[in-house]
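This structure is a prediction, so every number in the text was calculated from the model and none was measured. Each ligand, and each atom within it, is numbered from 1 in the order the structure gives. Counting begins at 1 with the first residue of the sequence.
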Amino acid sequence: MCGIVGIIGSTSVQSSIIEALEKLEYRGYDSAGIATISENEILCRRSVGKLSCLKNELSNAPVLGKIGIGHTRWATHGAPSIDNAHPHQVGKVALVHNGIIENYNELKAQIISEGGIMVSETDTEVVAAFCNMFLESGMSPEEAVSSTLGQLKGAYALCFIFEGNEDLIIAARKGSPLVVGWGVEEMFVGSDAIALAHLTNQLTYVEEENYVVISRKEAKFFNFEGKEQPSKKVFVNSESVLVTKSGYRHFMHKEINEQASVISYALGSYTSFDRKRILLPNQIPSFAKMDRLIISACGTAFLAGHVAKYWFEKISGLPSDIDIASEFRYREPIISKKTGAIFVSQSGETADTLAALRMAKSNSIETIVVVNSENSTMARESDIIMPIKAGVEVGVASTKAFTSQLLVLAALVIEAARQRKKISPKQEEEFINQLFAIPRLINEVLSRENEIINICSELANAQDILFIARGPLYPLALEGALKLKEISYIHAEGYAAGELKHGPIALVDSSVPIICFAPSNILYDKTTSNIHEVIARGGKVILVSDKGGLSDFKGDVWKSFEMPFSEPFILPILYALPAQLLAYYSAIEKGTDVDQPRNLAKSVTVE
Ligand code: AGP
C-alpha cells in the first residue's frame, strides 16, 4: 500500500524524507513525491515510477526547508501520473494519504459545486480541498483537520502541512497504521516503524481514530472528538527493524533462507525447555470449551489457516471453518459464544482481516491473532496475540512469515489437542519432536535448490501451470500457484488433485506443466492415480515427493524433485520450500521485480 512520512527537522529534511521513502519501497508503489515548506512557501516535487525518478527531479530542482512530507503511491483512484501522485496541495494545505476515502465522489461534487477545481482523479485531493476550505473559513489548522476528518468515510492515514507554518504537522489515522517518532528538536511520523528506524528508536503508535499535532518539540494525541489522549512511547531496536539483503540478490531469497532459523526461534518461544509441552506466550484457556473455530485471513496467510483447519480437526477434534476475510465479514456467519476465532496476518494491518477481527469481537467471541508485527493494529485489538517472531519480512511474497505462521498454528493445534484431551503427554512430546525436525529438513531442501533452478529454466516458458495435491497439502498447491502468479506473472492455478477430472483437466495438454506435491505418506495412491490421468493427456508432470514416492511412481514424469521423508504433520511446512523456490527461480528467469512485483503491496490496508 502507500507509504507516508513526515519530518519536522533541525536541518533540511529532503534527504531524510527520501531515505524514509526508500525504507517504504517494500510496500509496493508506482509514483512518489515530496513537499516541504521553505520561507513559508510549500514546495512540491512528484514523479511517476521508482524513487530514482523523484531523485532525478530533485537533483534538478531540490526542495529546501526543515519541514516536509513524502509519499510512495500504490494507485487506487486514478492511474499512476504526476497529477495523481502525492503530495496533493490545495491552497495552503499539502497532504499525503494511505487508504481509501469511500465517499470521495460526493465530497468532490460538493467542492466543485462551490467553485473548487480538482486537478487529479484521486480521493486524496478532495481531502486537501476540504481542509483548505475550512482553513480559509478562519479555522485553525487543528480545527480544519478535525472538521475535515468529520466529512470522511473510509480508511486513511493522513499527514498535513500548512503554508506559513514551519513547525506543525498534523497526522490522523482511521483504519491505516501510523506511528510517531521522537527525536531531539525534531519529530517524525510515518506509515510504519521501518520508515523511521534510521531516524529514531522511540516510537508512539497512533491509536485508531486519533489525530496527532506535531511540533519540533513534542507530539500531542487526540481522539476525533478533540479530547487529548495519553500516549505511550515504545523503544524499538533499530537493528531488528532495519533490514538489508545481507548479500542476497533479493529480500525474498534471503527470507527463504532465514526460515530454518526463524522457525527454530519460534520453537523456542512455544515449547517447554525439555521439549515435552507446548508453552504459549499468551494463554488460550478456551480451547477446551470451544465447539467451533473460525480461521480467517487473506492470501498466503489464509492458506496457512487452511492447513490449520486440517490439523485442528484431525488432531484437536475441533470443528473448524476457514474464511477468506473479505468474504467472512459480509456473509453473516453463525457465531455463538462457544465459537473461537483465529486471524492470521503477517502485517497485522490487512484491512479485510482487521475488519473480520472487529466483526468477531462485536459478536463477543474471543479473538486470537497469529501475527508478525507485534505493534500492529490487529495485535493491539485482538484478545490474544500469538507472535510468529519471523523478523521483518520485506519481500512482498510472503515466505518465512508463512512457514512461521504454520509453526505457530501447529503449536496451537497441539495445545488445543491437549486441552480437549485428544492426545497423551507422550503424543504431545512426539508432535513437538516432529516440529523440532523442521529446521534441519528445511536446510536439507535448500541444499538442493540448484535442482529447482534447472526445473525453472524451462518452467518459466509456460503460459499456464497447475499445482495439485491432496489433504493438508492441498493448500500448498494453492500457495504454490499464488507464489508463482504473484512474482513471475505466469498464470497458475492450484487444485485438489481429486478435483481435476471435474473440469480443470480440460486445460491439460503438452504445453501445461502440472506440479504435483505427492509425499508417499499422504494419500499417495489417490494422488498418483490423478497424476496418471494427467500424463495420459500429455500433461508435463513435475513430481515433488520423497525418495519412496519417486521410486514407486510408475509413469513418465517430465521432471521430479526429491523431498526429505518426514511425518505427515510437518509436511505442509516443508512443502512450502519447493513452492517458494519454484516461484522465485521462475521469476528470476522471467526477469520480474521479485521483491516488489507489479501491482502488489506488502500490506493491503485498503478493502
Ligand atoms: C503473500 O505472498 C501475498 N503477498 C499476500 O497474499 C499476503 O499474504 C496477504 O496480502 C495477507 O497479508 P498479511 O499476512 O499481512 O495479512
S.K.: With heavy atoms of S398 as the reference, note each atom of ligand 1 found under 4.0 Å away.
M.R.: 1 (C), 2 (O)

S.K.: If the cut-off is 4.0 Å to any non-hydrogen atom of T300, which atoms of ligand 1 fall inside it?
M.R.: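 Result: 1 (C), 2 (O), 6 (O), 8 (O).
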
S.K.: Among protein heavy atoms, which sits nearest to atom 11 (C) of ligand 1, and what does the distance come to when rounded to 0.1 Å?
M.R.: C298 O, 3.4 Å

S.K.: Please determine if R598 forms a cation-pi arrangement with Y489, meaning its NZ or CZ atom is less than 6.0 Å from the six-membered ring centre and no more than 45° off the ring axis.
M.R.: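 Verdict for Y489: a cation-pi partner in R598.
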
S.K.: Looking at E486, which atoms of ligand 1 are within less than 4.0 Å of one of its heavy atoms?
M.R.: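 Answer, ordered by atom number: 1 (C), 2 (O), 3 (C), 4 (N).
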
S.K.: To check your reading of the model: name the closest protein heavy atom to atom 16 (O) of ligand 1, its residue, and the distance in Å.
M.R.: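 Its nearest protein heavy-atom neighbour is T350 OG1, 2.5 Å.
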
S.K.: Assess K483 for proximity to ligand 1: is some non-hydrogen atom of it under 4.0 Å away?
M.R.: yes

S.K.: Would you mind running through ligand 1 and noting each atom that sits below 4.0 Å from a heavy atom of Q346?
M.R.: 13 (P), 14 (O), 15 (O), 16 (O)

S.K.: Answer yes or no: is there a donor N or O on one side and an acceptor on the other, between the side chain of E366 and the main chain of A341, under 3.5 Å?
M.R.: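 A pair under 3.5 Å: no.
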
S.K.: Y575 pairs by ring pair (Phe, Tyr, Trp, His ring centres under 6.0 Å) with which of F402, F517, F561?
M.R.: F517

S.K.: Would you mind listing which atoms of ligand 1 come within a distance below 4.0 Å of any non-hydrogen atom of S347?
M.R.: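 Those qualifying, in numeric order: 13 (P), 15 (O), 16 (O).
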
S.K.: Using a strict cut-off of 4.0 Å, indicate which atoms of ligand 1 neighbour a heavy atom of A301.
M.R.: 8 (O), 14 (O)

S.K.: List the steps, then state whether side-chain contact (heavy atoms from CB on, under 4.5 Å) holds for D383 with I368.
M.R.: CA-CA 6 Å; D383 297 312; I368 301 157; over 6 Å; no

S.K.: Are a donor atom and an acceptor atom from the side chains of Y584 and H250 found within less than 3.5 Å of each other?
M.R.: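 Side-chain D/A pair, Y584 to H250: present.
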
S.K.: Among all protein heavy atoms, pick out the one at the shortest distance from atom 10 (O) of ligand 1; state its residue, atom name and that distance to 0.1 Å.
M.R.: V604 CG2, 4.1 Å

S.K.: Which atoms from ligand 1 have a heavy atom of A397 less than 4.0 Å away?
M.R.: 2 (O)

S.K.: Thinking salt bridges, do R380 and E208 make one under a 4.0 Å N-O criterion?
M.R.: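 Result for this pair is no, no salt bridge flagged.
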
S.K.: With no hydrogens and no angle check, just 3.5 Å: does a side-chain donor-acceptor pair link H253 and E449?
M.R.: yes

S.K.: Do Y29 and E25 meet the criterion of a side-chain donor-acceptor pair at a distance under 3.5 Å?
M.R.: yes

S.K.: If you have a sec, work out which protein heavy atom is nearest atom 4 (N) of ligand 1 and how many Å separate them, to one decimal?
M.R.: V396 O, 2.8 Å

